[in-house]
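Quick notes on the structure that follows.
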Amino acid sequence: MPSIHVLNAEGVSEEREVPPGSTAAELYTDRSIVVARIGGELRDLATVLNDGDVVEPVSIESADGRAVLRHSTAHVLAQAVQQLYPEAKLGIGPPIRDGFYYDFDVATPFTPEDLAALEKKMQDIVKAGQRFSRRVVSDEDARVELAHEPFKLELIGLKSGASDDDLADVMEVGGAELTIYDNLDAKSGDLVWRDLCRGPHIPTTRMIPAFKLMRSAAAYWRGSEKNPMLQRIYGTAWETRDALKEHLAFLEEAERRDHRRLGAELDLFSFPEEIGSGLAVFHPKGGVIRREMEHYSRLRHDEAGYEFVNTPHLTKGQLYEISGHLDWYSEGMYPPMELDAEYGADGELRKAPQKYYMKPMNCPMHNLIFRARGRSYRELPLRLFEFGTVYRYEKSGVIQGLTRARGFTQDDAHIYCTVEQMPDELDSLLTFVLDLLRDYGLDDFYLELSTRNETKFVGTDEDWEEATETLRRAAERQDLELVLDPGGAAFYGPKISVQARDAIGRTWQMSTIQVDFNLPQRFELEYTSGDGSRQRPVMIHRALFGSIERFFAVLLEHYAGAFPVWLAPVQVVGIPITDGHVDYLHEIAAKLRSAGVRIEVDSSDDRMQKKIRNAQKQKVPYMLIVGDEDMAAGAVSFRYRDGSQKNGVSIEDAVNEIREAIANRAQA
RNA sequence: GCCGCCUUAGCUCAGUCGGUAGAGCGUCUCACUCGUAAUGAGAAGGUCAACGGUUCGAUUCCGUUAGGCGGCUCCA
């Protein structure tokens, strides 16, 4: 009798004897167990156990369990598609974050009505309770069986040509052996449908508790622009109906917070068509928020020893020849303006035009400031800071609100220091960055360390080694989760990026801190060291917000438009009960204004309830309401954004309360 | 850039199977003067994204362009 080790959910091992031929399924009665981890690998519950196996249950609610559920649901989708559209060819169908997709080659793209029909078909398949059955096949057999599936054939071909590592992510052929999963009818056991797949799968389609098709979109086969476009259907699947509902509610919440929507509702910014795609204008209210964001950032940079510089938006191409941008980045740049060309009478070129470019990056200009005169080691670290506006010609399809624009302002700093100074500098820099982000209201971070891409880099092994280690040590000192991103660095140096989680748990890449070996060399940057020798400084690129526009969008979504008082465009709205209270409110408003508070008095002829509603919809932090009672007592009544109220507050106390909340950058 | 969808009043959206349009909110005017999320009445507001084609006639059908949305690719 085989003896196996059974691990329970808590990881406690228990030795057990089972009859020969027993499967993992026989160990569990709990229907929420969908697959098992056997010897560390996820396997079907139908897997026959061998002597010495260590078996661990995987619940549908776990990350692995959900992935398997979603993968199986993708199979159900593919089956539904081929039943409704027999000519559809299968691409790939993996689980992804919060769901799954499956790619198909079909003559016409799917419509929303098609999705509804497919969803119905899928429900039938789920109800039918088809069994997922694993079958090992040889390459040759698979080719015969899947002769009508050109994309699957391609994957089989790839597998025989490539190492397993290369295809580890491909659900279809990523396993050690080639397998096909058959969907078998619950009663007759007849083959209903099959797909090339490494598995594992849930035992039957009936174990899909809740799913929904989300949308269809096109996607390149195997992710390359050179390949044909397939039609991709996205779906989601969950362990319970409630979990699905919760996920849909989350998506709705995200939509409600969408900065493009809030930007229009709160009159913060717009993208006038006349200006061009991806180029924003900030309206007065958005301008106030932006000014406060920038103002506070300047204060902190000043305290932290940065020096402020300014550079033009436009430059001759020569600068980007030196920096190398024209070689490797010209596609991302606006095409040049050609100036001062001269032509002869017959049109022949007598003097070549001078090419000017909009700047896509600030660093080359900062380098010119560094080398404008000889530099001494005494000046280092030299920290140059600028709100530098850059223009990048993003492809039309990638532009997205303020988060992906064609013109945006970086809070860009370049720090020039000696190799010896680098550890301290990076350490204090990271602390500075995180502290500042916390002041803006983000407090849940993790760090990502991107290391060298072995096929694409400049600089010596020692440089990389040292810089990477220094970054790692600085990161580890922050007591935050550190995620490695091997090979993710730019060619010129390793980087740390700060990822922030917002109020509803989404992560955004915020600051990046990047060591650069390339530009100091290209610009031949030097300083004179204590012994009189010329040395090359290390350069650190650092953007904290990334771009102000993008950070603006992140904060807008994080706060769902309800900015903390210090950032709120209108901090207080004065609401009179009747016209007779307007003058009194204006007096209070004058006091608050002289205390630096942004207040408006709503003297429109709306009713007071309507004024409250308006202020509420504009997410104004404080409403000061005044009626006869307040006026008689020389007081005001607070209504806060959360709906709570505090009545009969003396004017002095009211002014102090608001002033303090602003000065402390209080949340809520 | 690629694929699909979309563009009607300031905003959100109806509508016209080809005969030049409608609501709510907002704006303006008037009345109302009210204690914590919508007072009532009236008015103004549209080359139906732009251009071209088909047609007696195009907001509607076709094409091109611009912009937006969802993906793919990209994000130095």
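No hydrogens, no waters, no symmetry mates; every other heavy atom, side chains included, goes into these values. Naming convention: chains lettered A, B, ... in sequence-line order (proteins, then strands); numbering from 1 in each chain.
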Assuming nearest nucleotide by heavy-atom distance, tell me which of Arg392(A) and Glu225(A) is located more 5' along RNA chain B. Glu225(A)
For Val288(A) and Pro569(A), which heavy atoms make the closest approach, and how far apart are they? CG1-CA, 3.8 Å
Regarding G35(B), can its base be found pairing with the side chain of Asp630(A) as donor and acceptor, where the two atoms are less than 3.5 Å apart? yes
Under 4.0 Å between a side-chain N/O of Ser277(A) and OP1 or OP2 of G68(B), yes or no? yes
Is there a Watson-Crick or G-U wobble partner for U60(B) with both distances under 3.5 Å, and which nucleotide is it? none
May I ask you to say what Ser637(A) touches in the nucleic acid, namely base, sugar-phosphate or nothing, with a heavy-atom cut-off under 4.0 Å? base
Across the strands shown, which category fits Ser396(A) at heavy-atom distances under 4.0 angstrom: base, sugar-phosphate, nothing? base
Do Thr409(A) and Thr389(A) pair up side chain to side chain, a donor and an acceptor below 3.5 Å, judged on atom types alone? yes
Starting from the C-alpha separation in whole Å, work towards a yes-or-no answer on ring-ring contact (aromatic ring centres under 6.0 Å, His included) for Tyr622(A) and Phe638(A). CA-CA 7 Å; Tyr622(A) 297 105; Phe638(A) 275 89; 5.7 Å; yes
Spacing of the P atoms in C74(B) and U59(B) (rounded, Å): 43 Å
Contact nearer the 5' end of RNA chain B, comparing Phe408(A) with Tyr393(A): Tyr393(A)
Tell me the interatomic distance from Glu255(A), atom CD, to U12(B), atom P, rounded to whole angstroms. 13 Å
OP1 or OP2 of G71(B) under 4.0 Å from side-chain N/O of Gln400(A): no
For C69(B) and Arg260(A) - does any side-chain N or O of the residue sit under 4.0 Å from the phosphate oxygens OP1/OP2? yes
Looking across every strand, which nucleic acid part, if any, lies under 4.0 Å from Gly397(A) by heavy atom: base, sugar-phosphate, or nothing? base
What's the separation between atom NE2 in His541(A) and atom CG in Asp412(A), rounded to the nearest 0.5 Å? 8.5 Å
In whole angstrom, give the distance that lies between atom CZ of Arg232(A) and atom C1' of G4(B). 14 Å
I'd like to know if Lys495(A) and Glu448(A) make a salt bridge, using a cut-off of under 4.0 Å between side-chain N and carboxylate O. no
Look at the side chain of Lys395(A) and decide which nucleotide, out of A37(B), C34(B), G1(B), has an atom nearest to it. G1(B)
If I pick the P atom on G19(B) and the same atom on C61(B), what distance separates them, to the nearest angstrom? 11 Å
Does U20(B) have a Watson-Crick or wobble partner in any strand here, with both distances under 3.5 angstrom, and which is it? none
Please tell me which of the listed nucleotides, A37(B), G35(B), G4(B), lies nearest to the side chain of Asp628(A)? G35(B)
Reckon Ala218(A) touches a base, only the sugar-phosphate, or nothing at all at heavy-atom distances under 4.0 Å? base
Among A66(B), U36(B), C3(B), the one nearest any side-chain atom of Ile625(A) is U36(B)
My understanding is that a pair needs two contacts under 3.5 Å, Watson-Crick or G-U wobble. By that rule, which nucleotide pairs with G70(B)? C3(B)
With a cut-off of less than 4.0 Å, is there a side-chain N or O of Arg639(A) near OP1 or OP2 of U36(B)? no
For Phe151(A), run the ring pair (Phe, Tyr, Trp, His ring centres under 6.0 Å) check against Tyr102(A), Trp221(A), Phe104(A) and tell me which one passes. Trp221(A)
Tell me what Gln231(A) touches on the nucleic acid: a base, only sugar-phosphate, or nothing, going by heavy atoms under 4.0 Å. sugar-phosphate
Would you say CD of Glu331(A) has more than 12 non-hydrogen atoms from neighbouring residues, nucleotides or ligands within 6.0 angstrom? no
Could you measure between the two P atoms, the one in G26(B) and the one in G68(B), and give it in whole Å? 29 Å
Atom CG of Leu251(A) and atom P of G70(B) are separated, to the nearest Å, by 12 Å
Base, sugar-phosphate or nothing for Tyr101(A)? Non-hydrogen atoms, less than 4.0 Å. nothing
Does C72(B) have OP1 or OP2 sitting under 4.0 Å from an N or O in the side chain of Tyr234(A)? yes
Give the nucleotide from the list C72(B), G67(B), G35(B) with an atom nearest to the side chain of Met608(A). G35(B)
Write down the distance between CZ (Arg613(A)) and C1' (C25(B)), rounded to a whole number of angstrom. 9 Å
Please give the distance between the P atoms of A41(B) and A23(B) as a whole number of Å. 14 Å
Could you check how far NZ of Lys610(A) sits from C1' of U27(B), rounded to whole Å? 12 Å
Can you tell me the pairing partner of C28(B) across any strand shown, Watson-Crick or G-U wobble, with both distances under 3.5 angstrom? G42(B)
Applying the 3.5 Å cut-off to both distances, the Watson-Crick or G-U partner of U55(B) turns out to be none
Picking from U73(B), C34(B), C30(B), which would you name as closest to the side chain of Val398(A)? U73(B)
Do Tyr220(A) and G71(B) share a donor-acceptor pair, side chain to base, under 3.5 Å? no
Just to be sure I understand the rule, does Tyr492(A) reach a base, reach only the sugar-phosphate, or reach nothing, if contact means heavy atoms closer than 4.0 Å? sugar-phosphate
Is Arg232(A) salt-bridged to Asp103(A), going by a charged N under 4.0 Å from an acidic O? yes
Atom CZ of Arg404(A) and atom P of C74(B) are separated, to the nearest Å, by 11 Å
Ile577(A) has its side chain closest, among C34(B), A66(B), A31(B), to C34(B)
Pair assignment for G35(B), Watson-Crick or G-U wobble, requiring both distances under 3.5 Å: none
On a whole-Å scale, what distance lies between the P atoms belonging to C6(B) and G46(B)? 27 Å
Take the protein atom CD1 of Ile275(A) and the nucleotide atom P of A49(B), then report the distance between them rounded to whole Å. 22 Å
Separation between the P atoms of U8(B) and U55(B), rounded to whole Å: 29 Å
Closest to the Ala217(A) side chain, choosing from G71(B), C32(B), U73(B): G71(B)
Axial cation check for Phe100(A) ring with Arg70(A), 6.0 Å and 45° limits: no
Applying a 4.0 Å non-hydrogen cut-off, can you work out what Gln609(A) is touching in the nucleic acid: base, sugar-phosphate, or nothing? sugar-phosphate
Counting the atoms with a prime plus P, OP1 and OP2 as sugar-phosphate, which does Arg607(A) contact under 4.0 Å by heavy atoms, base, sugar-phosphate, or nothing? base
Separation of atom CG in Asp267(A) from atom P in U27(B), rounded to whole Å: 12 Å
Classify the nucleic acid contact of Asp606(A) as base, sugar-phosphate or nothing, counting any heavy atom under 4.0 Å across all strands shown. nothing
Quick check on the 6.0 Å ring-centre criterion: do Phe282(A) and Phe552(A) meet it? yes
If we call it a pair only when both distances are under 3.5 Å in a Watson-Crick or G-U wobble match, what pairs with A49(B)? U65(B)
Taking 4.0 Å as the cut-off, does a side-chain nitrogen or oxygen of Lys646(A) come that near to OP1 or OP2 on G35(B)? no
Can you check whether Arg215(A) has a side-chain N or O nearer than 4.0 Å to OP1 or OP2 of G70(B)? no
Which part of the nucleic acid does Pro576(A) contact within heavy-atom distance under 4.0 Å: base, sugar-phosphate only, or nothing? nothing
